[in-house]
Protein chains: 2
Amino acid sequence: MKVTIQDIAKAANVAKSTVSKVLNDSPKISKETKTRVREIMEQMNYTPSSIATRLAKRSSHNIGMLIDMARESEYMNPFFLNIISGIESVIGPMKYELTIANMQQDDPERNVINRLVRSGRIDGLIANNAIMSEDMVKTLNSLDFPFVTIGEFHSFPVPWADYDNAEGGRMLTGHLLDEGYRDIAFIGGEPLERIFTKRHQGYRQALLEAGIPYREDRTIHGVADENHGYQAVLELLRSDHPPDSLVCMNNYSAFGALKAIQQAGIAIPGEIGIATFDDYPFSPHTNPPLTSLFIDTFQLGATAGRMLIEVMNQPDLPYPSLLLQPKLNIRESTLKRKAGLE
Amino acid sequence: MKVTIQDIAKAANVAKSTVSKVLNDSPKISKETKTRVREIMEQMNYTPSSIATRLAKRSSHNIGMLIDMARESEYMNPFFLNIISGIESVIGPMKYELTIANMQQDDPERNVINRLVRSGRIDGLIANNAIMSEDMVKTLNSLDFPFVTIGEFHSFPVPWADYDNAEGGRMLTGHLLDEGYRDIAFIGGEPLERIFTKRHQGYRQALLEAGIPYREDRTIHGVADENHGYQAVLELLRSDHPPDSLVCMNNYSAFGALKAIQQAGIAIPGEIGIATFDDYPFSPHTNPPLTSLFIDTFQLGATAGRMLIEVMNQPDLPYPSLLLQPKLNIRESTLKRKAGLE
DNA sequence: TAGGTTAGGGAAACCGGTTTCACAACAAAA
DNA sequence: TTTTGTTGTGAAACCGGTTTCCCTAACCTA
């Protein structure tokens, strides 16, 4: 039924090793033979079995992307396709494929590693730093298996690509300061969450540079969803001197904050300013439009892809890592407070 | 280096065929041998090569998802991870993997088919109906290759899963009518676009049922992005009697419309109501919050996955297809016009 | 013209599994 | 006791390619 290399060999009256060499454009085959064999392939509509090729070549030509779908759904949804597209844009032209795998929270890591890595399904792995445990890193390293994390990884030297979250925190906070805000709260993020610590660090840095003392009670920890943003603002508003502005961990938490502030009848940006990380495609459309920190997630994916290829080709390279710079999109939600102060 | 089935066979002092049978839990192997061999596998940390297995079993155990990343990026971004998760939720437990492949616009279809299908990389395909040309369907059918499209497919009998777009159009329009709106415009969508025709058909149906004549000039065709929504509203407002409400093809076009209306100083929903397809996660957060038609994209993915498995197992089944029902999320942007009329 | 290169292609082993079939050993039936 | 059946295992072919190594013919060089 399906036409194989044997059929081609028979039809062309050559050995199948010769056909294989034609497929790989070996210099040991004459021009004439090549064109003849190729014509026959064309005629017989032959496509080599990639499975067989991979077995023989001992390479799956497949890149794995590992995510925790249930958990990341909220957070990555708006960007996921961009990241994937970015990865594909670099690995696709190199004839690699992309396999998306789900890692459930209850999945013992060994399981994932076995299923994907040791079984030879993939040649390299890209994963969010959130699901990359240290154990997993150790196991991957012990197998000499190439991988890159999306998101900075501090506890270990591994190759990673990320946006500069600390700088982002500085930019957002600095922008609010520039606009005349002085009492800036930080909403969302768990204390031990990696991405939170970086962002928060930039926030503190900007305050420090502006000579404004950091206040513990101005950071409202939590999962950074809409509900938390909402509750956080309610909590802040209960105090005698609520902050005059907010930096939110992401758009959802900013939405919650927005809602709470509006319900309280407080003017944005008149009385309170809001800036947020992660410029989701809809943040220009809120009321008022949200000043937010844009991250080119396509670039992030592409960078991770490039790094992975690099690591795969030169396994002995020192761990590369790359910080991309975010971009501040200034919108109405942080319009000058100065005006009101004067 | 890597431990193979041979190594296990040698260590267990059995033939490799026996090891293979243990792997597949063949009833022909005795309990004792099974446990003994399994212990050795455990000890030697053996994981079978999935590539070899696939070659021998003539099945890749891999499902392909084909999309045009560049083109779909805008439209599918907010849902993509959900769809993927849905697919994974059904194929994952059946030990299938998911390969995401990009189909560029300039890619001749034969290329994709060869690369993915004839090379044996995937056992089944899921694709958006937008990129499934009739030629592609024909080729896939001629290869007896199982596939499912996400999105209704009319020109051909193929298995597909979709939301009921016509019913959605009816629901949105019907809702506006219920609220007292009478002159409803439809914004966005190209005349030949499949998804548009269905949605528009529901819109017309609702008008018909309400005894309101359909007006050609109330449909503003276009690509359904923010800019088009914006321009469309400008155009509508130029007329002497602008419509009193809008149904938008998607959230982006609704955003554009929103912006144009607000800039013109027209009240929503006081003077004009807006309802839109596709309840993006941020439509509750616009100003005013957008009434929109929710589509459970996880379910859509899961349904497509289930159908594909079904088609793969029983190729001779008549083409199944499934319409899921959308859900109307009523928000402020369509509050009763009746009030204003009385 | 002998000896050494080089170019082109074939045979066979191999990648790591699966599957078919033969067969030995033992049990049950006649 | 012979026949028939059953159970458990192994040998070898196979999946569809790649790679190594060898061979032959033609071409060079002295």
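Note on naming: letters A, B, ... go to the chains in the order of the sequence lines (proteins, then strands), and numbering restarts at 1 for each one. Since we're looking at a predicted model, the values are computed, not measured.
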Taking side chain as C-beta onward, heavy atoms only, is A:Asn62 less than 4.5 Å from A:Arg121? no
Residue met sooner reading DNA chain D from 5', once B:Pro27 and B:Ala56 are mapped to nucleotides: B:Pro27
Five-pair end axes of the helix from C:dT1-D:dA30 to C:dA30-D:dT1 and the angle they enclose, rounded to 10°: 50°
Nearest whole angstrom, please: distance from the P of D:dC14 to the NZ of A:Lys16. 11 Å
Out of D:dT9, D:dT18, C:dT18, whichever nucleotide has its closest atom nearest the side chain of A:Thr53: D:dT18
More than 12 foreign heavy atoms under 6.0 Å from CE of A:Met94: is that the case here? no
Does C:dG9 have its OP1 or OP2 closer than 4.0 Å to a side-chain nitrogen or oxygen of A:Thr33? yes
Which nucleotide sits closest to the side chain of A:Leu55: D:dA11, C:dG16, D:dG17? C:dG16
Position toward the 5' end of DNA chain D (nearest nucleotide), B:Asn13 or B:Lys57: B:Asn13
What does A:Val19 touch in the nucleic acid at a heavy-atom separation under 4.0 angstrom: a base, only the sugar-phosphate, or nothing? nothing
Take the protein atom CD1 of B:Ile51 and the nucleotide atom C1' of C:dC15, then report the distance between them rounded to whole Å. 11 Å
B:His61 NE2 to C:dT18 P: how many Å, rounded? 12 Å
CZ of B:Arg54 versus P of C:dT19: gap in Å, rounded? 15 Å
Can you tell whether the side chains of A:Asp7 and A:Lys2 come within less than 4.0 Å, N to carboxylate O? no
What's the closest nucleotide to the A:Ser17 side chain, out of D:dA11, C:dA12, D:dG17? C:dA12
Shortest non-hydrogen pair, A:Gly120 vs B:Ser50, comes out as C-OG, 4.4 Å
Counting heavy atoms from C-beta on, name the nucleotide in D:dT18, C:dT20, D:dT20 closest to the side chain of A:Lys21. D:dT20
Side-chain contact test, heavy atoms from C-beta onward, threshold under 4.5 Å: evaluate it for B:Ile67 versus A:Leu81 and give yes or no. yes
Mind checking whether B:Phe147 and B:Asn141 have side chains closer than 4.5 Å, heavy atoms only? yes
Without decimals, in angstroms, what is the distance between A:Leu23 CG and D:dG16 C1'? 11 Å
Could you state the CZ-P distance from B:Arg58 to C:dT19, rounded to the nearest angstrom? 8 Å
Out of C:dT19, D:dT18, C:dC15, which has the shortest distance to the side chain of B:Ser20? C:dT19
Check whether A:Asn102 reaches the backbone of A:Met69 with its side chain - one donor and one acceptor, N or O, closer than 3.5 Å. yes
B:Ser49 side chain N/O closer than 4.0 Å to the phosphate oxygens (OP1, OP2) of C:dG16? no
Are side-chain heavy atoms of B:Tyr46 and B:Ile40 found at a separation under 4.5 Å? no
Any side-chain N or O of A:Ser30 under 4.0 Å from OP1/OP2 of C:dG9? yes
From CZ of A:Arg121 across to P of C:dG17 the rounded distance in Å is 12 Å
Protein-nucleotide distance (B:Lys28, atom NZ; C:dT18, atom P), rounded to Å: 17 Å
Per A:Ile5 side chain, nearest of listed nucleotides D:dG17, C:dT18, D:dT9: D:dG17
